[in-house]
> 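After the structure tokens below, expect a handful of questions from me.
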Amino acid sequence: MAEPPRSCDCFVSLPPGSQDDHVIFGKNSDRPRDEVQEVTYYPAASHPPGSSVECTYISIPQAEHTHAVVLSRPAWLWGAEMGANEHGVCIGNEAVWTKEPVGDGEALLGMDLVRLGLERGESARAALEVITGLLEEHGQGGACREQPEPFSYHNTFLLVDRTEAWVLETAGRLWAAQRVTAGVKNISNQLTIDTELSLEHAELRSVAQAQGWWDGQEPFSFSATFSPDDPPARMEMAKQRYRGGKELLRQHDGSVTAEVMMTILRDKPSGICMDSGGFCTTGSMVSILPRDPAFPCVHFFTATPDPSRSVFKPFIFSETMIPATRVISPQYGSDDPVKKQPRFQSQVDRQHDLYKAHQEALHMTEKDPQAGATLQETLRYLESQCLTDIDAMLRGEIPGEELGDLFFDCVDTELKFYQ
């Protein structure tokens, strides 16, 4: 690779870190520059006993019931970089490398585990148990980008619901988890769990001791024990983003809102808003999870690259929502290069309508900066109006049911502005 990927950043703010009685979640997905990220909704479903589900590379037993989910995902794979379910659970993942070697075989991708956790977990803790159970049973592995050159990694996760958050960090099939109940927290392509483990794999310490990574006497630190002695450059580069994100959260501690989280995800000096060489932020997500269950959760997605040039559009789970087909990529079925063996021997066009229009607008901006600035001002006004409507709903001034089609309407309006 000409340049190592920087990967992603996840954030959470729980009261008293948040301005209101809300949990705020945010993630930037940093991926290969030309990779298209779509936003897809899957309704809740029941499945016949004994059925299976085909993930990106392997099939596993299907659950009897899966929850409704909304996912932001690279269009070529089954899983997701980030998403939410109907119960107010949000999950995002990060690439990480540890002393445990990354296997060559195909297994579950970390992105598959994000989707599986959302489909099967009614809370952040339940989703964590889903992910760790599947990780122990099936392992993690397989190509993590749509190219024939091998590139794989292990994963860390941030799992959030209306009441708490969990940081889950993995090394092969081993894992450690830390519960977060108040304040602000971010993760960024490195192990962060020190000695304060809330949950862990049953054999975590015995494996570490058998490998000579822990003497059994010193306090057990997951990050110190499993971080590689010679970390890849991409993990070293992530330290700057981690420190930058931590500082931005510190500056806003006690006043974090969805709008503040969007500002953090748009921050370029820290590298959190990635635009470097072959990699960029290809999709972004911010969620508002009210502590009061009488109010619905709201999930904002860009569905386009670079949040500084994109619109965060609100999604609310509703029984009457209109599918936003113009942020869904073309499907190729059995002809998809991902499905054929050997994989990734050709490329297909995965651009959805909004992605195409967004890219055309970017080219226009480069040719005519003044027109681009005017368009950007118009789009930010659209976003601000959405935030105003959502704020009114969360104050009880607008019924939540009236905003069920807001994501579809915002996508449609954004496309019209580009035209």
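Computed from a prediction, not measured in an experiment: that's the story for all the values here.
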> Judged by modelled atom types alone, do Ser270 and Asp267 share a side-chain donor-acceptor pair under 3.5 Å?
yes
> Which of these, Arg266, Lys268, Arg33, sits in a salt bridge (charged side-chain N to carboxylate O under 4.0 Å, His left out) with Asp306?
Lys268
> Do the side chain of Asn85 and the main chain of Ala68 share a donor and acceptor less than 3.5 angstrom apart?
no
> Verify whether one side chain among Gln140 and Thr170 offers a donor that lies under 3.5 Å from an acceptor in the other.
yes
> When you compare the side chains of Asn189 and Arg241, does any donor N or O come within less than 3.5 Å of an acceptor on the partner?
yes
> Tell me, which pairs form a ring-ring contact (aromatic ring centres under 6.0 Å, His included) where one or both residues lie in residues 10-32, sequence neighbours left out?
none
> Check the orientation of Tyr153 and Phe151. Use parallel for under 30°, tilted for 30 to 60°, and perpendicular for over 60°.
perpendicular
> Report the residue from Glu146, Glu106, Glu149 that forms a salt bridge (charged side-chain N to carboxylate O under 4.0 Å, His left out) with Arg343.
Glu106
> With no hydrogens and no angle check, just 3.5 Å: does a side-chain donor-acceptor pair link Ser188 and Asp9?
yes
> For the backbone of Asp409 and the side chain of Asp412, can you confirm whether one donor and one acceptor N or O come within less than 3.5 Å of each other?
no
> Tell me whether the rings of Phe315 and Tyr41 are parallel (<30°), tilted (30 to 60°) or perpendicular (>60°).
tilted
> Using residues 332-339 as the side-chain source, report each donor-acceptor pair under 3.5 Å to any protein atom, sequence neighbours left out, with the distance given to one decimal.
from	atom 1	to	atom 2	distance (Å)
Tyr332	OH	Asp349	O	2.5
Asp336	OD1	Val338	N	2.9
Asp336	OD1	Arg350	NH2	2.7
Asp336	OD2	Arg350	NH1	2.9
Asp336	OD2	Arg350	NH2	3.3
Lys339	NZ	Glu54	OE2	3.4

> Please tell me whether Ser310 and His358 have a donor and an acceptor in their side chains that are separated by less than 3.5 angstrom.
yes
> Among residues two or more places apart or on two chains, list those pairs meeting ring-ring contact (aromatic ring centres under 6.0 Å, His included) that have a residue in residues 49-81.
His65-His67, His67-His87, Trp76-Phe344
> Given 3.5 Å as the limit, does a donor-acceptor pair link the side chain of Glu383 with the main chain of Phe312, or not?
yes
> Between NE2 of His47 and CD of Glu119, what distance do you get to the nearest 0.5 Å?
6.5 Å
> Can a donor-acceptor pair be found between the side chains of Tyr418 and Glu414 at a distance below 3.5 Å?
yes
> Can you tell me if Ser198 uses its side chain to pair, donor with acceptor, with the backbone of Arg179 under 3.5 Å?
yes
> Tell me yes or no: between the side chains of Ser29 and Glu81, is some donor less than 3.5 Å from an acceptor?
yes
> Taking Thr257's backbone N and O only, do any of them form a donor-acceptor pair with Gln19's side chain (distance below 3.5 Å, no angle check)?
no
> Using a 3.5 Å distance criterion without hydrogens, assess whether the side chain of His252 forms a donor-acceptor pair with backbone atoms of Ser255.
no
> For the side chain of Asp161 and the backbone of Gly88, is there at least one donor-acceptor N/O pair under 3.5 Å apart?
no
> I'd like to know if the side chain of Ser59 reaches the main chain of Cys55, judged simply by a donor and an acceptor atom lying under 3.5 Å from each other, with no hydrogens or angles considered.
no
> Just by distance, with hydrogens left out, do Thr195 and Ser221 show a side-chain donor and acceptor under 3.5 Å apart?
no
